[in-house]
Amino acid sequence: MGYSFTFLLAVSLGSSILYFSIRKTIENNIESELKNSTNIILNMVQAATASSIRNNLRAVAEKNREIIRHFYLQYKEKIISEIEAQNLSRSIMLSQSIGRTGYIYCIDSAGVIKIHPKNELIGKDLSEYDFIRQQKERREGYLEYKWANPGENVERPKALYMTYFGPWDWIISVSSYRDEFKNLFSVDDIRDSILSHSFGKTGYSYVIDSKGKLIVHPKLQGHNIYNSEDAGGRMFIKEICERKTGKIIYPWKNPGEEKAREKLVIFNYIPNLDWIVASSSYLEEFYKPLKYI
């Protein structure tokens, strides 16, 4: 009995140490996998956003350069005067909006505003601003900067694409506030890539905004789940929306299931889009090897 007791104690102690050691390793691997997946999606969304916005602004800038060239050629062919050609170009550029409040403006090589929706800025030399100095030097390309229009108290991040029309010395600039990028960005461009990430049998990634609306989800896209409660009555979605970055574990029961299972969610925030990228999976699917142990 003494030998048997010693043997059973040693086996039990060794098995317990092995169990909790492997459990800890599995937990670390789970978090690492979900974090890596979340970061991959985060970087993918940011890259896709930057590319989409750059291409959108560039297309608008180049199209307006062609419009200006059209009126310039009419002036050269003496169909209209140069003043009329410039006024028509100005009218068409100012009639366009980029996103919700974005617009088109022009400066010359000296940094003087030639065309702008705010009349009080026309004729002003804004070379004191770094982004204007960069425009004077580069004339072509993409820029990001901070700006506050007259009447606004706080500077906000903006992005612009510029192109140059030499005959009139106009640097055509198409500009939009970055917090309006979601109005220019197509979710369809990245939806399949996000949903391709899976964990275990039922784990997946999704995107939600800070108001609880699901931007990308395998089943509930477009629904608002801000007030959702887990099996214990905890408003876990509200917590995710408020914290924006981190991890939570909560009990969840899908329709048709008999009992709640613990679910882990790792999430991160994209301020420009007000999106929260999350990766989630049931813990029991990762813990299955422990049952064999």
Side-chain angles (χ1 to χ4, degrees), residues 41-68 89-90 92-109 111-118 121-122 124-165 170-191 193-194 207 209-210 215-216 244 268-277:
I41 294 172
L42 186 73
N43 293 332
M44 177 183 66
V45 171
Q46 290 175 330
T49 302
S51 176
S52 176
I53 299 308
R54 182 191 296 258
N55 291 338
N56 188 293
L57 298 180
R58 178 178 180 176
V60 175
E62 292 179 347
K63 183 64 177 178
N64 277 271
R65 184 181 60 193
E66 293 305 312
I67 291 171
I68 293 171
S89 299
R90 182 180 292 106
I92 288 177
M93 284 190 283
L94 294 179
S95 69
Q96 301 171 60
S97 60
I98 313 300
R100 191 173 71 253
T101 62
Y103 52 83
I104 302 172
Y105 70 92
C106 292
I107 64 172
D108 62 18
S109 296
V112 175
I113 297 288
K114 310 301 290 185
I115 297 172
H116 197 281
K118 301 289 184 180
L121 292 175
I122 303 298
K124 287 191 175 182
D125 184 350
L126 300 182
S127 298
E128 61 185 286
Y129 296 101
D130 179 64
F131 77 93
I132 293 292
R133 290 195 296 271
Q134 290 189 59
Q135 285 194 265
K136 289 164 57 178
E137 293 173 3
R138 294 172 52 186
R139 298 183 182 179
E140 298 272 353
Y142 179 77
L143 277 179
E144 293 185 0
Y145 63 101
K146 290 186 177 182
W147 179 253
N149 283 323
E152 296 178 340
N153 298 321
V154 181
E155 289 186 340
R156 292 185 290 158
K158 284 191 103 172
L160 70 81
Y161 193 92
M162 56 186 165
T163 188
Y164 186 61
F165 185 69
W170 283 1
I171 302 173
I172 305 160
S173 307
V174 182
S175 175
S176 176
Y177 283 111
R178 290 181 61 185
D179 58 11
E180 298 177 7
F181 280 2
K182 56 188 174 185
N183 295 324
L184 304 176
F185 178 66
S186 175
V187 177
D188 294 335
D189 294 340
I190 58 166
R191 185 177 188 275
S193 297
I194 292 173
V207 178
D209 66 19
S210 64
I215 307 300
V216 176
K244 293 183 172 62
N268 214 331
Y269 186 56
I270 306 175
N272 296 337
L273 298 172
D274 191 30
W275 284 2
I276 299 167
V277 177

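Keep in mind that the numbers below use all heavy atoms, side chains included, and drop hydrogens, waters and symmetry copies.
With values rounded to the nearest 0.5 angstrom, Asn64 atom CG is found 11.0 Å from Ser173 atom OG. The distance from the CD1 atom of Ile68 to the CH2 atom of Trp170 is 5.5 Å, given to the nearest 0.5 Å. Distance check, rounded to the nearest 0.5 Å: CD of Glu62 to OG1 of Thr163 gives 6.0 Å. Considering CD of Gln135 and CG of Asp108, their distance stands at 11.0 Å, rounded to 0.5 Å. With rounding to the nearest 0.5 angstrom, the CD1 atom of Ile107 is 4.0 Å from the CD1 atom of Ile171. Summarising the geometry, atom NZ belonging to Lys146 is positioned 14.5 Å from atom OH belonging to Tyr129; distances are rounded to the nearest 0.5 Å.
When side chains are defined from C-beta on, Tyr103 does not count as touching Leu94, because their heavy atoms never get closer than 4.5 Å. Side-chain contact between Val45 and Leu273 is present, with at least one heavy-atom pair separated by less than 4.5 Å. Contact check for Asp274 versus Tyr269: side-chain heavy atoms found under the 4.5 Å cut-off. Taking the side chain as every heavy atom from C-beta outward, Phe165 and Ile172 approach each other to under 4.5 Å. Two residues are said to be in side-chain contact when any heavy atoms from C-beta on lie closer than 4.5 Å; Ile194 and Met44 meet this criterion. Residues Leu57 and Val60 are not in side-chain contact: their nearest non-hydrogen atoms beyond the backbone lie 4.5 Å or more apart. Val112 is not listed as a side-chain neighbour of Lys124, based on a closest heavy-atom distance of 4.5 Å or more. For the pair Met162 and Arg138, the minimum side-chain heavy-atom distance is below 4.5 Å.
One N or O on the side chain of Arg133 and one on the backbone of Ser127 form a donor-acceptor pair closer than 3.5 Å. Asn56 contributes no side-chain N or O that, together with a main-chain N or O of Ser52, makes up a donor-acceptor pair within less than 3.5 Å.
Among residues two or more places apart in sequence or in another chain, the salt bridge (Lys or Arg N to Asp or Glu O under 4.0 Å) test is passed with Glu137 by none.
Figure legend: cation-pi geometry between Lys158 and Tyr177, with NZ or CZ positioned under 6.0 Å from the six-membered ring centre and within 45° of its axis.
For Arg58, the CZ atom counts as loosely surrounded, since its 6.0 Å shell holds 12 or fewer non-hydrogen atoms of other residues, nucleotides or ligands.
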Would Cys106 and Arg90 count as a side-chain contact (heavy atoms from CB on, under 4.5 Å) here? Give the steps. CA-CA 9 Å; Cys106 292; Arg90 182 180 292 106; over 6 Å; no
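Across every non-hydrogen atom of Ile104 and Pro117, the tightest pair is O-CD, 3.9 Å. Nearest heavy-atom pair across Ile122 and Lys114 is CD1-O, 3.9 Å. Closest non-hydrogen pair, Glu144 versus Ala159, comes out as CG-CB, 4.1 Å. Shortest non-hydrogen contact noted between Ile270 and Leu42 is CG1-CD1, 3.0 Å.
Relative orientation of the His116 and Tyr105 rings is tilted, given thresholds of 30° and 60° on the angle between their planes.
With no hydrogens or angles considered, a side-chain donor-acceptor pair links Tyr145 and Ser175 at under 3.5 Å.
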